[in-house]
Structure formats: C-alpha cells, structure tokens
Amino acid sequence: MERYSGALEEAADGARQQERHYQLLSALQSLVKELPSSFQQRLSYTTLSDLALALLDGTVFEIVQGLLEIQHLTEKSLYNQRLRLQNEHRVLRQALRQKHQEAQQACRPHNLPVLQAAQQRELEAVEHRIREEQRAMDRKIVLELDRKVADQQSTLEKAGVAGFYVTTNPQELTLQMNLLELIRKLQQRGCQVGKGGL
C-alpha cells in the first residue's frame with residue numbers, strides 16, 4: 001500500500017512539473033513576441049522548452065539575481081575608480097596652473113616668453129600623461145567587464161541554461177542578453193516555483 005501511495009505522489013509531482021513547464025514555456029513564448037523578429041527566429045521551440053526546464057526549480061532565477069548583483073557591484077567599483085582618477089587629474093591640472101601662475105608672476109618680463117614656452121611643453125606632457133592614464137583605465141574597465149561577461153556565461157552554462165556558453169560573438173552576446181531579459185521578465189512576473197500562476 002505504501003508503494004502505491006508513493007507512486008501516486010510521484011505521478012502527481014510529475015504532473016505538477018509538467019504543468020509548471022508548460023506555464024513557463026507559454027510565458028516565454030509570449031515574451032519572445034516582444035523581441036525583434038531577428039531574435040524571435042533564433043529562439044526555437046526546443047531552446048525555449050529547454051530554458052523552461054532549466055527554470056523549473058527556481059535555481060536559475062537565484063543565479064541570475066546573484067550575477068546581476070555582482071555585476072552592479074563591479075560596475076559601481078569600476079565607476080568609482082574612474083571617478084577617483086578623474087579627480088586626481090583635476091587636482092593635478094589645478095596644481096600645475098597654480099604653479100605656472102606663480103612662476104609667471106615671479107618672472108622678469110624679458111624671461112616670460114621662455115618661461116611660457118617651457119610651461120606649455122610641461123602642460124602638453126601632463127595632458128599626454130593624463131590621456132594615457134585614462135586610456136589605460138578604460139582598457140582595464142573593458143577587460144574587467146569582458147571577464148565578468150565570460151564568468152556569467154560560464155556560470156549559466158554550468159547551470160544548464162539553454163543558449164549560454166562563453167563567446168565574444170556580438171550576435172550571440174545579444175541573443176544571450178535577450179535570454180537574460182526573458183528570465184528577468186519572468187522573475188518580475190513572479191514565475192518562480194511556488195509563486196502560482198503567471
């Protein structure tokens with residue numbers, strides 16, 4: 001008798017899972033219609049069905065939320081680093097202007113053209129250094145963001161989310177961004193396990 005009730009429970013669980021899968025798939029198909037037609041064509045029924053299966057237990061929603069929080073923290077940190085560098089450059093320019101003004105005020109008039117030429121060369125060297133430091137910072141930011149994207153792709157691939165793998169192909173990245181947006185919209189609609197209907 002126990003075996004029989006266990007089998008019934010298992011069958012009921014299977015039916016609930018199947019119903020849940022159908023609800024998620026239906027919601028995904030509805031959301032896909034909001035995407036540009038070029039992406040709609042790339043998201044086959046099989047891909048959407050596999051994505052719905054990956055979303056069944058709610059873990060992927062939690063993973064995506066965690067990745068989003070990490071991304072926001074990373075972006076904020078990089079933004080603050082860039083702001084600090086810009087502030088350092090602003091202070092450097094102010095100090096240089098002050099130094100030049102003081103030197104010009106203390107300079108004898110007949111030496112002023114020579115001093116101004118030297119100051120102009122110094123200013124150009126400082127501006128060149130600032131541009132190089134800003135470029136280096138921007139390269140660092142881009143590399144860090146690229147690493148974050150690769151980490152996110154790898155994490156989602158390991159979690160079994162359809163359409164995710166490590167790539168730098170712009171079309172594939174856009175497709176993955178659309179898939180993430182679908183997951184986020186489902187999450188916002190409350191399509192997680194135990195949250196009931198869509």
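What you see is a predicted model; the values in this text were computed from it and never measured. Numbers here are sequence positions counted from 1.
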Task: CD on Gln86 to CE on Met137, rounded to 0.5 Å - done: 9.0 Å
- [ ] Quick one: pull up CG in Leu25 and CG in Asp50 and give me the separation to the nearest 0.5 Å.
- [x] 10.0 Å
Any side-chain heavy atom of [X] within less than 4.5 Å of one from [Y]?
X      : Y      : value
Leu51  : Ile183 : yes
Gln176 : Gln152 : no
Val64  : Leu156 : yes
Ile130 : Arg93  : yes

Donor-acceptor side-chain pairing of [X] and [Y] below 3.5 angstrom:
X      : Y      : answer
Gln116 : Gln120 : no
Gln187 : Arg184 : yes
Glu75  : Gln71  : yes

- [ ] Tell me, with the steps shown, if Gln119 and Gln104 meet side chain to side chain donor-acceptor pair (under 3.5 Å).
- [x] CA-CA 10 Å; Gln119 287 178 338; Gln104 286 177 15; 2.6 Å; yes
Open item on the list: Suppose the criterion is salt bridge (charged side-chain N to carboxylate O under 4.0 Å, His left out): which pairs have a residue in residues 105-120, not counting sequence neighbours?
Closed with: none
Open item on the list: Once salt bridge (charged side-chain N to carboxylate O under 4.0 Å, His left out) is applied, what residue pairs with a partner in residues 130-142 remain, sequence neighbours excluded?
Closed with: Arg82-Asp138, Arg129-Glu133, Glu132-Arg135
TODO: Quick one: do Glu102 and Gln98 satisfy side chain to side chain donor-acceptor pair (under 3.5 Å)? Show the steps, please.
DONE: CA-CA 6 Å; Glu102 289 171 3; Gln98 181 70 29; 2.8 Å; yes
Open item on the list: Tell me if the NE2 atom of His72 is crowded by more than 12 foreign heavy atoms within 6.0 Å.
Closed with: yes
Open item on the list: Hydrophobic clustering (ILVMFWY, side-chain heavy atoms < 4.5 Å, transitive) - are Leu83 and Leu145 grouped together?
Closed with: no
Open item on the list: Please tell me whether Leu43 and Leu180 are part of a single hydrophobic cluster in this structure, the criterion being side-chain heavy atoms less than 4.5 Å apart.
Closed with: yes
- [ ] Go through the structure and list residues passing side-chain hydrogen bond (donor to acceptor under 3.5 Å, both in side chains) with Lys148, not counting sequence neighbours.
- [x] none
- [ ] Show the numbers, then the answer: is there a side-chain contact (heavy atoms from CB on, under 4.5 Å) between Arg189 and Leu31?
- [x] CA-CA 11 Å; Arg189 283 186 177 185; Leu31 288 171; 3.5 Å; yes
